[in-house]
Novice: 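Pasting in a structure now, in structure tokens, and then I'll have a few things to ask.
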2 protein chains.
Amino acid sequence: MGSCETCVVRNTAICADMDGDELELLNTIGRRRNLEAGEQLLWEGEDAVLVANVIDGVLKLSNSMEDGREQIVGLVYPSDFIGRPFGATTPYGVEALTDSRVCVFARRDFDKFAQEHPKLEHKLLERTLTELDRTRKWMLLLGRKSAEERLATFLLEISQRLDPATCSNPDPQAHFVFDIPFSRQQVGDVLGLTIETVSRQFTKLKRDGVIDLPSRRSVEILDRFELEARAGG
Amino acid sequence: MGSCETCVVRNTAICADMDGDELELLNTIGRRRNLEAGEQLLWEGEDAVLVANVIDGVLKLSNSMEDGREQIVGLVYPSDFIGRPFGATTPYGVEALTDSRVCVFARRDFDKFAQEHPKLEHKLLERTLTELDRTRKWMLLLGRKSAEERLATFLLEISQRLDPATCSNPDPQAHFVFDIPFSRQQVGDVLGLTIETVSRQFTKLKRDGVIDLPSRRSVEILDRFELEARAGG
DNA sequence: CGCATTATTGAGCCGTCTCAATCGTTGTGG
DNA sequence: CCACAACGATTGAGACGGCTCAATAATGCG
């Protein structure tokens, strides 16, 4: 059983800034849930019955078309919020990319709780505004960037998301290895590219000495400065 | 001089649900401002000094790259909210596409006011969530749709935005004429296409009898059903 | 009326997609 | 422990869609 007091994302999730009593109340309406990689939490278009906080793992939000084309519209990391409060239907599917732990709330309970706790709503607002900014930045990538620019941008963003230390210590020459929690297909779905194009661009960056690919799922940034140049604006 | 009591978007903007006293207070910190078509209200990356409500007109939000490539990341219509509360910098440029009227607030004043008025923050949250949903839907278009699908989707969305009646009365065969408040270049910037491709797709839809183009800036939907089919998922 | 601006049309190219074959890794059963 | 299947990733060849560059046509404006 998890409780809010011992939660690892206690101070970064929307629950931050809440006092002991509030937290206890929130704890009574939420429950932990484990998800395996590939498991779906919400389906696009279904009734919005629940919302959640990510404790651990990475999940994708995606929209798709009848013919199977899919676009990943967001990636969700620990302490991020999932779901659509105050709305009737879930506008995107949510699927775990890695084994994950989430803290789930019935939407009805959460909505009520939020309305009664302005501090929580404020946190949620700030988070939603930040997410909107990030999403809009991604639109520039999808609408205007080349395949190489897209992959370079993606590798930079993901390396920063997975190691927050990189943000505060942006040594452009620093070597840096990390695991990509995505298959090539999923990278393509994020970037609006096919799997083959993604693969070719990986190979090209490696051939040019910008990155190395020690294994299928890991990347080493050899020349961050060059990678940034290739990411474009 | 405008005042909130007589404001035409009084009941649909974030100011809705506020009582007389609150509104009066809000009125003292905001002021009206007229913008000419093409006039810029905010610049990408500058300090976020102000936020605003749209009273009349259409504005674009856009991100761009050093080499001039531009992506429109949002369109703003009457009663919509503009700007980045609780943030240091404005993440996108804002430019009026038509002559517009907005209700402007110093961000510092607005932030303070919002924190003290949960009802306003709640409205703002709902609005931001809706906008995030819309933006994510647009990512599917940018990442996965063909030029024809993009233009068809765009014409449907804009016809609904400009005539709310169409939403509640979705007769698929209904003829419907409306003005596009955008140049071909701007349509391209919204859809992630070049001006030539946009023009060719307009011509194609017209040649196929799906739409008519009575003038440069206006469109008549002749066969909404077919247009929906061509918009894809 | 003449000029500037915006849109359309055309020809050719380039980047990404499609389709297909091969390679590499992982896991399984003999 | 090895052979083999299954899967994901890579690579190649060719097609196609949208882009670039250029010319022309419409529209708007002084």
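Proteins get letters first, then strands, A, B, ... in listed order; numbering begins at 1 in each.
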Novice: Before you tell me yes or no, could you show the steps for A:Arg84 and A:Leu42 under side-chain contact (heavy atoms from CB on, under 4.5 Å), namely the whole-Å CA-CA distance, both residues' side-chain angles and the distance that decides it to 0.1 Å?
Specialist: CA-CA 11 Å; A:Arg84 181 59 167 93; A:Leu42 295 174; over 6 Å; no
Novice: Over how many whole Å does the gap from A:Leu151 atom CG to C:dG15 atom C1' extend?
Specialist: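 Distance, rounded to whole Å: 15 Å.
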Novice: For nucleotides 18-30 of chain D, just jot down a letter per nucleotide in 5' to 3' order: B, S or -, based on protein non-hydrogen atoms under 4.0 Å.
Specialist: SSBB----BS---
Novice: Hey, is B:Asp208 close enough to B:Arg230 for a salt bridge, meaning N to O under 4.0 Å?
Specialist: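 Looking at B:Asp208 and B:Arg230, the cut-off is met.
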Novice: I need the CG-P distance between A:Leu213 and D:dG8, as an integer number of Å.
Specialist: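 Atom CG in A:Leu213 sits about 19 Å away from atom P in D:dG8.
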Novice: Measure from CD1 on A:Ile195 to C1' on C:dA20 and round the result to the nearest Å.
Specialist: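 Those two atoms, CD1 and C1', are 14 Å apart.
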Novice: Between A:Asp67 (CG) and C:dC17 (P), how many Å, whole number?
Specialist: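 So the CG-P distance, A:Asp67 to C:dC17, works out to 15 Å.
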Novice: Give the rounded distance in Å between these two atoms: CD1 of B:Ile180 and C1' of C:dT6.
Specialist: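 Result: 14 Å.
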Novice: Which whole-number value in Å describes the distance from A:Arg207 CZ to D:dG12 C1'?
Specialist: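 So the two atoms are 13 Å apart, to the nearest Å.
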Novice: A side-chain contact here means heavy atoms from C-beta on lying under 4.5 Å apart; do B:Leu151 and B:Val187 qualify?
Specialist: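 Yes, at least one pair of side-chain atoms sits under 4.5 Å.
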Novice: Looking only at side chains, do B:Glu70 and B:Ser62 share a donor and an acceptor under 3.5 Å apart?
Specialist: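 Per modelled atom types, B:Glu70 and B:Ser62 side chains form a pair under 3.5 Å.
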Novice: Step by step, work out the side-chain contact (heavy atoms from CB on, under 4.5 Å) result for A:Ile14 and A:Asn53.
Specialist: CA-CA 8 Å; A:Ile14 49 169; A:Asn53 264 315; 3.6 Å; yes
Novice: Check the distance between C:dG24's C1' and A:Lys206's NZ and give it to me in whole angstrom.
Specialist: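 These atoms are roughly 12 Å apart.
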Novice: Over how many whole Å does the gap from B:Lys204 atom NZ to C:dT9 atom C1' extend?
Specialist: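 It is 16 Å, rounded to the nearest whole Å.
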Novice: Taking 4.0 angstrom as the limit, do B:Arg200 and B:Glu196 come out as a salt bridge?
Specialist: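 Result for this pair is no, no salt bridge flagged.
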Novice: Are B:Thr203 and C:dT9 close enough that a side-chain N or O sits under 4.0 Å from OP1 or OP2?
Specialist: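 Looking at the OP1 and OP2 atoms of C:dT9, one of them is under 4.0 Å from a side-chain N or O of B:Thr203.
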